[in-house]
Amino acid sequence: MHTMIPGIQSLALPNDQDASGRSFGPEEREALDQVLASGTLTSTKGTFVTRLEKDFARRIGAKHAFACASGSAAIHVAIAALDLEPGDEVVTTPITDMGALSPILYQAAIPVFADVDPLTCNVTAGTIAAALSERTRAIIVTHLFGNPCEMEAIVALAQERGIPLIEDCAQAYGTTYARRHVGTFGTIGCFSLQQGKHITCGEGGIVVTDDDQVARRMYLFINKAWGYGDANPDHYFLALNYRLSELQGAVAYAQLQKLDRNVAVRRERAAELTERLRLVPGIGTPIVPAPGVHTYWKYAIRIDDKVYPGGPPAFAKLLRDSNVTSAPRYIQKPSFMCEVFQKRRTFGKSEFPFSIARPEAVDYRIERFPGTIEGLAHVLVLPINERYTQEHVRYVADAIASTAQELAVQGG
Ligand SMILES: *Cc1c(COP(=O)(O)O)cnc(C)c1O
C-alpha cells in the first residue's frame, strides 16, 4: 500500500504544539526574566499585562482591551458584560470550540444555533436571521480558521434588530474585512492565547470593545467585580477571578510584537498552497469573501466525495502515511451533538438553563442544520503555521496530489 510519496523524502512539518511550529525566542525569555526579577507576578501590580492590553487595543483599533485567563474566559466575560436575564437567547454557531458555548450556559442563557454556509463553515446574515427570536439578546459570530464572516450584512442585521454582536476571533488574529480588523465590528471582540493560536502564552485570552460601559463591566468581571481604585470599593456583582498572570503577560506581549510577521508568513504560505492545489481535481481551496483577508489559523480544504470515495476521512488516512496530519470534519460532530447539550448535563439534575428555554430554541436535532452537515462532511483541515517554509508547502501539496491520484484510481 501507499507508504510515502514516490520519489519524495518524508519531511517533518513544523508543529504548533512544540518549538518547531512556534516563534519563541530571546524576547520571551528576556520578558520572563524581567517579571521574575521584579518579584511581581500578579497583573494587578505588574506592567506586562497592562502593556499587552494597551498595545493590543492600539493594533486592532479598539478603545479598550483586557487580558483574561483563556479564550473561553474571554467569551464568558463578553456574555457577562451584557448582563443577560436567565433564559435569554444567544445565537451562535455549531462549528466552534466548546469554550465558546459553555460560558453561555454558565450565564444561564440559551445557545441557539444558526446553520452555516457549507463552503466556509461560517454563519451568515441569512442563517443568523433564521435563528433570531423575541428572546435573542446577543449574536456570536466565529471567524472560523481565520476567514472572516460576511460582516457587512451581519452588522446590518444586528443593528436593525438592536442586538449586541460578539465576535469570536480566537482563530482570526490579523483578519480584516473591508480593511477593518475583525473584533471591532461588534460590541465585543474575543481572542484566545492558547497554545495553538496565532500567538500564545500557553493559556490566555483578550477582550476588546469601544463601549466604555461594556469595558467597565468586562474589567470588573475579570476581577471578582471588585472596584479597584473606587472611593468605596465593593464586590458589585457575581464574578470570577479571570486574570492573566504577569508571567503569561510577558510571553504574550513578546508574542504580540511578532504577530504581524507571523500573519504575513501564514498568508504567504497559504497563497502558495492555494496556487499548488488549484490544479488538483475535486479539491476546493478556501473561499474568502471579497473584501476580506483570511489569516489562516488553519488551511481548510473541501474534498469532493464523488471524486474521492470515502471523502475527507479516507483522504486523511492516506495523507497520514506521508506524515501530513490533517483533521477530517474539523470537529467530530456539531457541538450541539455533544452530551452537555443532548443530555442537558449542566447543574445537578436540574437541566438548567435548558429547562427554562423555549422548546424550539433547544431543538438540537441535526437534521435542522443541513449546511452544517454538508460543511463538516466535506472539510479537511490542514495544519499551517509561521514556521512553514516553501519547502514544507511543496511537500504538503505533493502529498495531497499523490493521495488524490491514488484515491481517484481506487474509486475509478
Ligand atoms: C480556541 C477557541 C476558543 C477557546 O479558547 P481557549 O483559550 O482554548 O479557552 C473559543 N473559540 C474558538 C473559535 C476557538 O478556536
Side-chain angles (χ1 to χ4, degrees), residues 13-16 21-23 55-62 65 71 74 93 95-97 100 117 119-123 141-152 154 167-186 189-201 204-208 252 255-275 277 284-302 326-327 330 379-390 392-393 396:
L13 295 168
N15 182 344
D16 66 17
R22 302 280 59 184
S23 55
D55 196 32
F56 194 81
R58 178 186 65 78
R59 285 166 183 268
I60 198 171
T93 174
I95 306 185
T96 187
D97 188 282
D117 176 343
L119 294 179
T120 60
C121 291
N122 271 338
V123 294
V141 299
T142 300
H143 306 289
L144 201 68
F145 306 131
N147 192 21
C149 296
E150 295 186 4
M151 292 314 288
E152 198 178 317
I154 290 172
E167 290 176 85
D168 184 346
C169 308
Q171 305 179 359
Y173 284 92
T175 301
T176 59
Y177 188 90
R179 303 205 175 159
R180 184 162 155 191
H181 278 278
V182 298
T184 65
F185 284 89
C190 300
F191 293 81
S192 164
L193 292 163
Q194 211 273 331
Q195 173 80 41
K197 307 298 161 94
H198 286 75
I199 54 172
T200 181
C201 58
I206 303 176
V207 288
V208 298
Q255 284 275 287
L256 182 56
Q257 311 313 311
K258 301 175 182 180
L259 177 61
D260 288 349
R261 187 192 159 273
N262 289 356
V263 163
V265 174
R266 280 173 185 262
R267 288 184 58 200
E268 222 170 282
R269 294 292 99 86
E272 289 159 10
L273 190 51
T274 298
E275 197 49 46
L277 295 181
T285 54
I287 297 170
V288 186
V293 169
H294 188 328
T295 58
Y296 299 97
W297 174 62
K298 302 284 181 204
Y299 188 99
I301 58 176
R302 294 175 311 287
S326 61
Y330 171 47
V379 75
L380 181 70
V381 180
L382 299 169
I384 186 168
N385 59 61
E386 56 275 10
R387 299 291 293 277
Y388 271 56
T389 62
Q390 291 187 328
H392 296 125
V393 169
V396 171

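The structure displayed is predicted, hence computed values, not measured ones. Side chains are part of it too, since the values below use all heavy atoms of this structure and drop only hydrogens, waters and symmetry mates.
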Item to check | Audit row: Leu13, Tyr388, side chain to side chain contact (heavy atoms under 4.5 Å, CB included) steps and yes/no | outcome: CA-CA 7 Å; Leu13 295 168; Tyr388 271 56; 3.8 Å; yes
Item to check | side chain to side chain donor-acceptor pair (under 3.5 Å) between Asn262 and Gln255, worked out | outcome: CA-CA 10 Å; Asn262 289 356; Gln255 284 275 287; 5.2 Å; no
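Side-chain atoms of Leu256 and Ile199, non-hydrogen and from C-beta on, do get closer than 4.5 Å to each other. For the pair Ser192/Thr200, no side-chain contact is recorded, criterion being any heavy-atom separation below 4.5 Å from C-beta on. Side-chain atoms of Val141 and Met151, non-hydrogen and from C-beta on, do get closer than 4.5 Å to each other. Between Val263 and His198 there is a side-chain heavy-atom pair separated by less than 4.5 Å. A 4.5 Å side-chain heavy-atom check between Leu193 and Ile206 finds at least one atom pair inside the cut-off. Considering only heavy atoms from C-beta on, Trp297 stays 4.5 Å or farther from Thr175 through its side chain. A heavy-atom distance below 4.5 Å is not found between the side chains of His392 and Arg387. Counting only heavy atoms from C-beta outward, the side chains of Asp97 and Gln171 never approach each other to under 4.5 Å.
Note that NE2 of His181 and SG of Cys169 are 10.5 Å apart. Values are rounded to the nearest 0.5 Å. Distance CG/Leu144 to SG/Cys121: 6.5 Å, rounded to 0.5 Å. Once rounded to the nearest 0.5 Å, the distance linking NE2 of His294 with NE2 of His143 reads 12.0 Å. With rounding to the nearest 0.5 angstrom, the OG1 atom of Thr93 is 9.5 Å from the CG atom of Asp168. If you take OG1 on Thr184 and CD1 on Ile60, they are separated by 6.0 Å, rounding to the nearest 0.5 Å. In this structure, the separation between CG on Asn147 and OG1 on Thr142 is 12.5 Å, given to the nearest 0.5 Å.
Nearest heavy-atom pair across Lys197 and Ala170 is CD-O, 3.4 Å. Of all heavy-atom pairs spanning Tyr296 and Ile384, the tightest one is O-CG2, 3.5 Å. Ala74 and Phe191 make their closest contact through CB-O, 3.8 Å (heavy atoms, listed as atom of the first residue, atom of the second, distance). Here the closest non-hydrogen pair linking Val208 and Gly183 is CG2-O, 3.4 Å. For the residue pair Asn385 and Asp16, the shortest heavy atom distance occurs at ND2-N, 3.9 Å. Closest of all the heavy-atom pairs between Ser326 and Leu380 is OG-CD1, 3.3 Å.
Screening Lys258, Arg261, Arg22 against Glu386 for a side-chain hydrogen bond (donor to acceptor under 3.5 Å, both in side chains) leaves a single residue, Arg22.
In this structure, a donor-acceptor pair under 3.5 Å is absent between the side chains of Glu150 and Asn122. Using modelled atom types and a 3.5 Å distance limit, the side chains of Tyr299 and Thr274 yield a donor-acceptor pair.
At least one donor-acceptor pair closer than 3.5 Å links the side chain of Glu167 to the backbone N or O of Phe185. Checked by atom type and distance alone, the side chain of Arg302 pairs as donor or acceptor with a backbone atom of Thr285 at under 3.5 Å.
The 12-atom threshold is exceeded at CD of Gln257, counting heavy atoms of other residues, nucleotides or ligands nearer than 6.0 Å. Counting non-hydrogen atoms of other residues, nucleotides and ligands closer than 6.0 Å to CZ of Arg179 gives a total of 12 or fewer. Within a 6.0 Å radius of CZ in Arg59, more than 12 heavy atoms belonging to other residues, nucleotides or ligands are found.
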